[in-house]
Amino acid sequence: AQSVTQLDSHVSVSEGTPVLLRCNYSSSYSPSLFWYVQHPNKGLQLLLKYTSAATLVKGINGFEAEFKKSETSFHLTKPSAHMSDAAEYFCVVSGYSSASKIIFGSGTRLSIRP
Amino acid sequence: ETGVTQSPTHLIKTRGQQVTLRCSSQSGHNTVSWYQQALGQGPQFIFQYYREEENGRGNFPPRFSGLQFPNYSSELNVNALELDDSALYLCASSRSGIQETQYFGPGTRLLVL
């Protein structure tokens, strides 16, 4: 069985400061992991994905995430927040089986203070 | 390449009615997945279609059904609508394989009264 937990429903940071959005997963086999962003009234956009290659994954807009198997975590980070980063972020887990379910986390709303 | 499109953008139905939502996949993609996103929640996987066959299903009752056509476009049908079916319905297309990136459409917002 697979599951994903986003540890914070809301994160607020000041512009120019680092961003950390936390995600823990559970999977009975090596998962694929994704981070998606959803801006208000816009579709979901892929930020980055992990598929068993390098454990540090770089994505768009300066975001990156590190796969830590020992901690079952896939936290999303960005060194310096920008006002345009304000959005809802979703961590997603899926397995290798074609019949596997694709599981979205409950989301983390990121707010940026000027 | 054209992106994923969905129609209609908004829809209002009453309890007990049936609804059909449509999705055109991105060029070169043969896999379509459907999700339900209730207000304030993450998307929930409904099912996936690959080459016109259902290829995985989430915890949704049989009144949620789908089709995929030879051009890889897809329909989501929901029978006997309930108030809790009110949500944003998202379609995503991808190349085959569970590791492939999914490209999402803007969604159809369904309100059941």
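Protein chains get the first letters and strands the later ones, always in sequence-line order, with residue 1 at the start of each. Predicted model, so just to flag it, every value in this text is computed and none were measured. Quick note: numbers below take in every heavy atom, side chains included, and nothing from hydrogens, waters or symmetry partners.
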Would B:Leu76 end up clustered with B:Leu90 when hydrophobic side chains under 4.5 Å apart are linked, directly or stepwise? no
The interface call for A:Leu46 against chain B, heavy-atom contacts under 4.5 Å, is side chain
For B:Phe104, ring pair (Phe, Tyr, Trp, His ring centres under 6.0 Å) partners two or more places apart: A:Tyr36, B:Tyr35
Considering only heavy atoms, which portion of A:Gln6 lies under 4.5 Å from any heavy atom of chain B: side chain, backbone, both, or neither? neither
Show which side-chain atoms of residues 60-73 of chain A pair as donor or acceptor with protein atoms under 3.5 Å away, not counting sequence neighbours.
residue	atom	partner	partner atom	Å
A:Glu64	OE1	A:Lys58	NZ	2.8

Report, as yes or no, whether the 6.0 Å neighbourhood of atom CG on B:Asn59 holds more than 12 heavy atoms from other residues, nucleotides or ligands. no
As an exercise: rank B:Gly42, B:Ser33, B:Ala92, B:Pro43 by heavy-atom pairs under 4.5 Å with chain A and give me the winner. B:Pro43
Could you tell me the separation between the CD1 atom of B:Ile46 and the CD1 atom of A:Ile102, rounded to the nearest 0.5 Å? 11.5 Å
Residues pairing under salt bridge (Lys or Arg N to Asp or Glu O under 4.0 Å) where one sits in residues 23-46 of chain B, two or more places apart or in two chains, turn out to be none
Which bit of B:Gln44 is near chain A, if near means a heavy-atom gap under 4.5 Å: side chain, backbone, both or neither? neither
Looking at every heavy atom in both B:Gln37 and A:Phe90, which two are closest together, and how far apart are they? NE2-CZ, 3.5 Å
If you group Ile, Leu, Val, Met, Phe, Trp and Tyr by side-chain heavy-atom gaps below 4.5 Å, do A:Val19 and A:Phe74 land in one group? yes
Under a 4.5 Å heavy-atom criterion, the part of residues 106-114 of chain A in contact with chain B comprises A:Ser106
Heavy atoms, side chains only, cut-off 4.5 Å: are A:Val92 and B:Gln102 in contact? no
Is it the case that more than 12 heavy atoms not belonging to B:Arg15 sit under 6.0 Å from its CZ atom? no
Do B:Leu67 and B:Val19 belong to the same hydrophobic cluster, where Ile, Leu, Val, Met, Phe, Trp and Tyr are linked whenever their side-chain heavy atoms lie under 4.5 Å apart, directly or via other members? no
Give the cluster check for A:Leu44 versus B:Val32: same hydrophobic cluster or not, with ILVMFWY residues linked at side-chain heavy-atom distances below 4.5 Å. no
